[in-house]
There are 2 protein chains.
Amino acid sequence: MAKQNKLFSPLKTTRSFEQVSANIKKLIFDGVLKPGDKLPPEIELSHQFGVSRQTIREALRILELSGFITVQKGGSGGPLIQNTILHTIHALFLDAFQMEKISNQELISARRDIEKVVLARVVEKADETDFDRLRDNIHRAKNKIENNLLATDENIQFHNLLAEAAKNHVYVIVMGSIMAVERELMSRHSPEEDASTSSFQYTEGILKSRHAQEYHEGILNALVERDLPRAIQLMDAHLQEVEERVQLFLK
Amino acid sequence: MAKQNKLFSPLKTTRSFEQVSANIKKLIFDGVLKPGDKLPPEIELSHQFGVSRQTIREALRILELSGFITVQKGGSGGPLIQNTILHTIHALFLDAFQMEKISNQELISARRDIEKVVLARVVEKADETDFDRLRDNIHRAKNKIENNLLATDENIQFHNLLAEAAKNHVYVIVMGSIMAVERELMSRHSPEEDASTSSFQYTEGILKSRHAQEYHEGILNALVERDLPRAIQLMDAHLQEVEERVQLFLK
DNA sequence: TCACATTTGTCCGTATGTATC
DNA sequence: AGATACATACGGACAAATGTG
């Protein structure tokens, strides 16, 4: 038992398209190919690698889904080196959530913990540029709310900006993944301001948006003053409210 | 600017293979297809969806890389519904690390924070079953070391077991991702016990294994006694040593 | 042990849609 | 607007691997 402790999947037979994708991946890792560079078209690639176009296409699918390239149709199109790996991870995390590998309770609980850790790092490392970004975020949220619009995107983005201000890509990835799930949960239960949404529900949503935005403002002020305990206290209260809102969705 | 705040990629034109993969994915989400179920062979799928086999294959590549299916060749083979999404996320996190989106400093720093949070949850939620697993892990590590073998796998696994004992899949994913990177770093600089490894280096490695194992033992004892401060203190010292070892690798 | 059926892996050729110049 | 370049998609074919009788 426990023979899979070596690596992820060395047992797979090496298929041609896997070799091709691994090959191109290595060129990207080694810096030979950089974001912005264009890969040769499929036919050219098939000639250079000495495989068929179908094999090339399957290799491109892998690279595309792994977040290494994008593909554009039409003249002067083709495979383009582009780093979209963060999007890919977020999407996969969302998949894991939807596969019920993660419960709502788990998510909110972990989020509480992680947000606190992030706040601590922000107090330690954030500079004026970070604070300016957060201020701008709050400003845009305020504008939307005053115009009777939901500020869901901005309110989610606030937490991602916090993770960035913590100056650690791990937190950016983790927080981004968590917030991707939150965004999905929101969009499920308040799908735009369309006709099906009742006026009451919508006003309710605006109110929640405002509450969140006000908490964000308080948190930012505490962070600027490097007052970690207050920031944490406000974040706790904020997440408490968010949690109650999500619970309402799910019942 | 900032037009991508809606979703990940709504701008993509819907390609056939994407519709196919999305279709199958939905069946899995909805529970119509469950792990263990077999999908029809490619030709059958191409008939049912009314597309070519090439299109089906590209859809299967997506599902495979997303962690929803595995594919086996030969008689009574074919696409099999299987949840390997955790492996997929770990692999992607490793990619992100290798793309230099994450520095070693960032990784170890985030790991310090997260391990502490995990310890707190373990003290709160772990039961005897979890402790038994951890004890078994330490036992196996000890055995290996006494037989003059590296216990790298076991020592990495210890931290994953901690995350599981915290009873939160988010931590399992995050810790698993972090440890996947650690494993990669290790394997890069102590590739098996082959001839190229000098006797001195190897003995050195065994010593490190033993140190780690001893720390793990101490941490487990503290956890069993629900002594969080001591567990954290030992974890800090342990990670300090690990960090220094990694620094040696990278210089 | 050995043939056989099944299914993926890979190839080629061709046609179509689409974006760019 | 037309020509070009490219991805997308189709169909048919053979090779290779794998389980089954």
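Lettering of chains follows the sequences in order, A, B, ..., and the numbering in each one begins at 1. What you see below is based on every heavy atom in this structure, not just the backbone, and it leaves out hydrogens, waters and symmetry mates.
Following rounding to the nearest Å, A:E64 (CD) and D:dT8 (P) show an atom-to-atom distance of 7 Å. Between A:I43 atom CD1 and C:dC11 atom C1' there is a gap of 14 Å when expressed in whole angstrom units. Regarding A:Q54, its CD atom lies at a distance of 17 Å from the P atom of D:dC14, rounded to whole Å. Across the protein-nucleic acid pair, A:I56 atom CD1 and D:dA7 atom P stand 11 Å apart, rounded to whole Å. One atom, CD of A:Q72, and another, P of C:dC21, lie 11 Å apart when rounded to the nearest Å. Counting to the nearest Å, the P atom of D:dA7 and the NZ atom of A:K73 are 12 Å from each other. Atom CG of B:L60 and atom P of C:dT7 are 14 Å apart (whole Å). Atom-to-atom, CZ of B:R15 to C1' of D:dC10 comes out at 17 Å; the value is rounded to the nearest Å.
If you find the closest nucleotide of DNA chain C to A:G74 and to A:E58, the one lying nearer the 5' end belongs to A:E58. Residues A:R61 and A:G75 both approach DNA chain D. Their nearest nucleotides, taken by heavy-atom distance, put A:G75 toward the 5′ side.
Salt bridge present: A:E64 and B:R15 bring a charged side-chain N and a carboxylate O closer than 4.0 Å. Taking a cutoff of 4.0 Å between a charged side-chain nitrogen and a carboxylate oxygen, B:D37 and B:K34 do not qualify as a salt bridge. Salt-bridge check for B:D127 with B:R133: failed, with every basic side-chain N at 4.0 Å or more from each acidic carboxylate O.
With distances taken from any side-chain atom of B:E42 to the nucleotides C:dT10, C:dG9, D:dT20, the minimum falls on C:dG9. Closest approach to the B:S76 side chain among D:dA7, D:dG19, C:dT20 is made by D:dG19 (side chain taken as heavy atoms from C-beta onward). Considering only side-chain atoms of B:P41, the nucleotide from C:dC11, C:dT7, C:dG9 that sits closest is C:dT7. Side chain of A:R57, nearest nucleotide from C:dT8, C:dT10, D:dT8: D:dT8. The listed nucleotides are D:dC6, C:dT8, C:dC11; the one nearest the side chain of B:V71 is C:dT8.
For a distance-only test at 3.5 Å, the side chain of A:R53 fails to qualify as a donor-acceptor partner of the base of C:dT10.
Annotation: side chain of A:D130 is not in contact with side chain of A:L161 (no heavy-atom distance under 4.5 Å).
Within the structure, a side-chain polar atom (N or O) of A:S16 is placed less than 4.0 Å from OP1 or OP2 of C:dT10. Residue A:S52 places at least one side-chain N or O closer than 4.0 Å to OP1 or OP2 of C:dC11. Dashed line: the shortest gap from a side-chain N or O of A:T55 to OP1 or OP2 of C:dG9 is not under 4.0 Å.
The two atoms that bring B:E115 and B:L162 nearest to each other are OE1-CD1, 4.2 Å, heavy atoms only.
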